[in-house]
Protein chains: 2
Amino acid sequence: MREHPCRLEGPHHTVADQNDALMTSVARMYYLDGLGQSEVANICGVSRSTVSRLLTTARERGIVRISVDEFDPRDRDLEARLVERFGLRRAIVVREMGGTPASTRRAVGYFAAPVLAEWIGERRLVGLAGGRTLGELVHHIESRTRGTGSAFVQLMGTIGSSPGRIDASELSRTLARRFQGTFLTLNAPAFAQSQRARDLFLSHDEIRSIWSAFDALDLALVGVGSLDESAFLERGVLTDETCAELRAGGAVGEICGRFFDERGRECPSGLRDRVVSIGLDALRACGDVAAVVSGPSRTNALRAAIRGGIVTSVVIDQVGAHGLLGAG
Amino acid sequence: MREHPCRLEGPHHTVADQNDALMTSVARMYYLDGLGQSEVANICGVSRSTVSRLLTTARERGIVRISVDEFDPRDRDLEARLVERFGLRRAIVVREMGGTPASTRRAVGYFAAPVLAEWIGERRLVGLAGGRTLGELVHHIESRTRGTGSAFVQLMGTIGSSPGRIDASELSRTLARRFQGTFLTLNAPAFAQSQRARDLFLSHDEIRSIWSAFDALDLALVGVGSLDESAFLERGVLTDETCAELRAGGAVGEICGRFFDERGRECPSGLRDRVVSIGLDALRACGDVAAVVSGPSRTNALRAAIRGGIVTSVVIDQVGAHGLLGAG
DNA sequence: CTCCAGCCTGCACGGATGTTCACGCACGTT
DNA sequence: AACGTGCGTGAACATCCGTGCAGGCTGGAG
């Protein structure tokens with residue numbers, strides 16, 4: 001323990017030389033015999049740090065192999081049923097593991113991310129809305145080493161003066177960085193103060209160019225809001241008053257700040273004339289709109305969006321998928 | 001993160017129910033995807049503690065499998081050569097991994113321990129001397145769940161007034177506990193003050209009974225000391241004066257406090273008449289004496305002990321084995 | 001022979017992990 | 001129906017592990 005002075009060999013090519021033998025025996029002691037790294041270090045006469053590093057390289061070189069039973073986080077059966085029932089292009093259903101709404105969002109994001117990355121693939125122009133589940137999804141998409149030259153455009157303006165982490169702008173920016181692609185910003189508030197102000201925004205050249213981009217979308221990723229549990233309510237954009245007005249007009253859901261009824265038709269309201277975002281018809285025209293949703297409360301809204309032809313693909317959790325299929 | 005209040009299911013059979021699916025996906029995220037346990041916990045909606053426990057049971061149940069390249073810590077070739085050259089019953093040569101003397105001792109102890117446990121097996125009566133390497137060996141022997149009824153007797157008295165961790169008494173006691181066997185103590189100092197005092201000890205009934213046990217030994221485990229580097233010197237038992245006297249008498253090594261020359265004959269000295277330990281002839285009569293040695297400095301002593309018929313098996317490190325074979 | 005560059009090592013720190021404790025719910029019992 | 005028992009959970013603690021940093025040896029070039 002304190003006999004370091006009397007090492008038998010020079011300290012600087014002791015370990016490197018008999019690398020494999022040492023690495024293997026260290027790995028066996030640690031992984032198979034269950035010794036701690038300190039104990040292994042004592043037995044081998046090296047520092048604990050070195051043991052840690054040896055273990056790392058042993059894993060890298062395949063001296064240590066770790067395997068885990070297969071597990072498919074997606075429910076292929078439900079996916080097929082969704083596709084068939086609603087005529088969807090694609091569906092991802094993430095298995096439920098019985099946690100909180102927040103953990104469900106994270107699970108959907110985590111397991112759907114690699115598939116989404118494939119979907120995005122080589123698309124030239126991808127549009128993004130905001131939302132918590134969509135945020136988790138983007139958050140879990142791996143950075144690419146080689147860019148594909150894709151462009152990412154935000155489909156709606158920013159809510160409030162300080163953009164939150166799940167606003168369309170942040171998500172598009174992040175995704176563009178991960179893919180080493182271009183970020184097209186929609187530099188406007190999600191809701192203007194008045195219709196006049198909204199029209200003023202829309203007349204700006206910068207913003208007009210974004211609007212023309214909306215017509216060229218290859219893929220759109222959107223969240224779906226409900227009136228009951230809306231991020232707009234939380235952020236104070238949607239007043240109880242407007243909410244009641246929308247309900248009266250038959251609104252059941254919202255996409256990109258635009259509320260729609262059971263058949264996917266946009267509902268008139270004070271907000272409708274002030275919103276700065278892609279129109280529902282533009283989304284329909286896109287032809288490839290994926291809704292990223294989690295939680296049981298969005299069922300009606302999502303079903304309406306699908307029936308109304310706005311949404312053509314879904315990314316959803318198991319409970320949500322059951323909800324969609326259950327009544328309707 | 002702070003949405004705990006709104007869990008969808010009762011907290012008490014959420015996880016246990018879908019055990020396998022959850023365990024598998026947790027294990028995959030942790031081991032294959034390289035997530036931290038906290039991240040996994042967030043995604044799955046359970047606490048980090050639970051993730052840790054799930055991982056443990058996943059390993060236990062074989063959902064996670066870890067394999068490491070084969071590695072034989074023993075040098076079978078050297079073992080065979082030792083057996084042939086010296087006519088040994090058995091030999092264990094532990095591969096060197098180039099550490100300190102202390103780490104070599106630990107390595108010998110660690111890797112030889114399971115084999116030693118086999119050697120001990122069902123023997124009725126096993127004798128133990130003291131020593132650092134032997135201490136490491138004993139230290140690394142696993143506790144048995146079922147006792148074999150073996151008895152363990154210390155082959156020499158205790159050095160000093162407070163028994164160190166590597167004295168014969170401690171080692172025998174520990175080993176007896178590990179094997180759930182009996183411990184026969186030799187309640188005397190290793191070196192009496194005088195020959196008269198020694199004879200007095202030997203005449204005690206308790207000690208005489210130990211002596212008769214010496215004649216019934218099935219196996220003896222001993223260390224081998226040298227004059228240059230002796231634990232006795234460190235502990236002040238062996239004075240420089242006596243040491244010189246021993247050298248003059250041809251002593252090259254020591255076992256159980258008894259010094260012997262190149263042919264294994266015990267050398268006379270002031271210590272010889274005061275030592276309370278098994279005699280070399282009794283060891284020879286035992287017929288199964290294993291020397292547990294590490295380090296390069298014991299070569300001559302060990303060779304003499306083997307040649308002199310005291311030692312019939314060896315447990316040694318690679319360098320020591322080379323030393324034995326090298327010159328002689 | 002001397003200098004320099006590169007690499008490997010051990011130390012120290014911060015974060016990650018394993019474990020113990022006390023609580024709360026569910027089930028079996030009275 | 002109420003209580004007692006048992007299990008699984010989460011929070012706090014102690015430990016363990018991974019990583020940035022500085023020092024020293026080695027090997028090659030001048």
Side-chain angles (χ1 to χ4, degrees), chain A residues 1-23 26-61 63-64 66 68 97-100 102-103 106, chain B residues 1-23 26-61 63-64 66 68 97-100 102-103 106:
Chain A
M1 217 77 124
R2 66 183 47 173
E3 309 197 18
H4 262 220
C6 44
R7 299 184 63 128
L8 297 179
E9 314 190 29
H12 284 285
H13 49 106
T14 297
V15 169
D17 292 351
Q18 4 187 348
N19 239 323
D20 275 15
L22 183 58
M23 235 162 31
V26 162
R28 290 188 76 87
M29 287 188 254
Y30 184 75
Y31 283 110
L32 266 32
D33 303 344
L35 298 189
Q37 295 188 357
S38 305
E39 300 174 88
V40 175
N42 285 335
I43 291 174
C44 294
V46 297
S47 78
R48 197 184 50 70
S49 317
T50 303
V51 170
S52 178
R53 284 187 275 254
L54 285 171
L55 288 171
T56 302
T57 63
R59 285 188 302 261
E60 287 169 356
R61 295 195 193 172
I63 291 173
V64 175
I66 303 182
V68 182
M97 286 177 296
T100 67
S103 73
R106 278 190 275 264
Chain B
M1 214 72 133
R2 65 184 48 173
E3 309 197 19
H4 262 220
C6 44
R7 299 185 62 127
L8 298 178
E9 314 189 30
H12 283 284
H13 49 105
T14 295
V15 169
D17 291 352
Q18 5 187 345
N19 240 323
D20 274 15
L22 183 57
M23 236 163 30
V26 162
R28 290 188 74 88
M29 286 188 256
Y30 183 75
Y31 284 110
L32 267 30
D33 302 344
L35 298 188
Q37 294 188 358
S38 305
E39 302 173 86
V40 176
N42 284 336
I43 290 174
C44 295
V46 296
S47 79
R48 198 185 50 69
S49 317
T50 303
V51 171
S52 179
R53 283 187 281 253
L54 285 170
L55 288 171
T56 303
T57 64
R59 285 187 303 259
E60 286 169 356
R61 296 194 192 172
I63 291 174
V64 175
I66 302 181
V68 182
M97 287 178 296
T100 67
S103 72
R106 277 189 276 263

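Throughout, protein chains are lettered first and strands after them, A, B, ... in sequence-line order, and every chain is numbered starting at 1.
For C:dG10, one of the phosphate oxygens OP1 or OP2 lies less than 4.0 angstrom from a side-chain nitrogen or oxygen of A:Thr50.
Between A:Leu35 and A:Ile43, some side-chain heavy-atom pair lies under the 4.5 Å cut-off.
With sequence neighbours excluded, the residues forming a side chain to side chain contact (heavy atoms under 4.5 Å, CB included) with B:Gln37 are B:Tyr30, B:Arg48, B:Val51, B:Ser52, B:Leu55, listed by chain and number. With sequence neighbours excluded, the residues that form a side chain to side chain contact (heavy atoms under 4.5 Å, CB included) with B:Arg53 are B:Ser49, B:Thr50. Judged as a side chain to side chain donor-acceptor pair (under 3.5 Å), and not counting sequence neighbours, the contacts of B:Tyr31 are B:Arg59.
The CG-C1' distance, from A:Leu54 to C:dC8, rounds to 11 Å in whole Å. In this structure, CG of A:Asn42 is placed 12 Å from P of D:dC16, rounded to the nearest angstrom.
Looking only at distances, no side-chain donor or acceptor of A:Thr57 sits under 3.5 Å from a matching main-chain atom of A:Glu60.
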With 3.5 Å as the limit, what N/O pairs link the protein to nucleotides 14-18 of chain C?
{"residue": "C:dT17", "atom": "OP1", "partner": "B:Tyr30", "partner atom": "OH", "Å": "3.3"}
{"residue": "C:dT17", "atom": "OP2", "partner": "B:Gln37", "partner atom": "N", "Å": "2.9"}
{"residue": "C:dG18", "atom": "OP2", "partner": "B:Gln37", "partner atom": "OE1", "Å": "3.4"}
{"residue": "C:dG18", "atom": "OP2", "partner": "B:Gln37", "partner atom": "NE2", "Å": "2.6"}
{"residue": "C:dG18", "atom": "OP2", "partner": "B:Ser52", "partner atom": "OG", "Å": "3.0"}
{"residue": "C:dG18", "atom": "O6", "partner": "B:Arg48", "partner atom": "NH2", "Å": "2.9"}

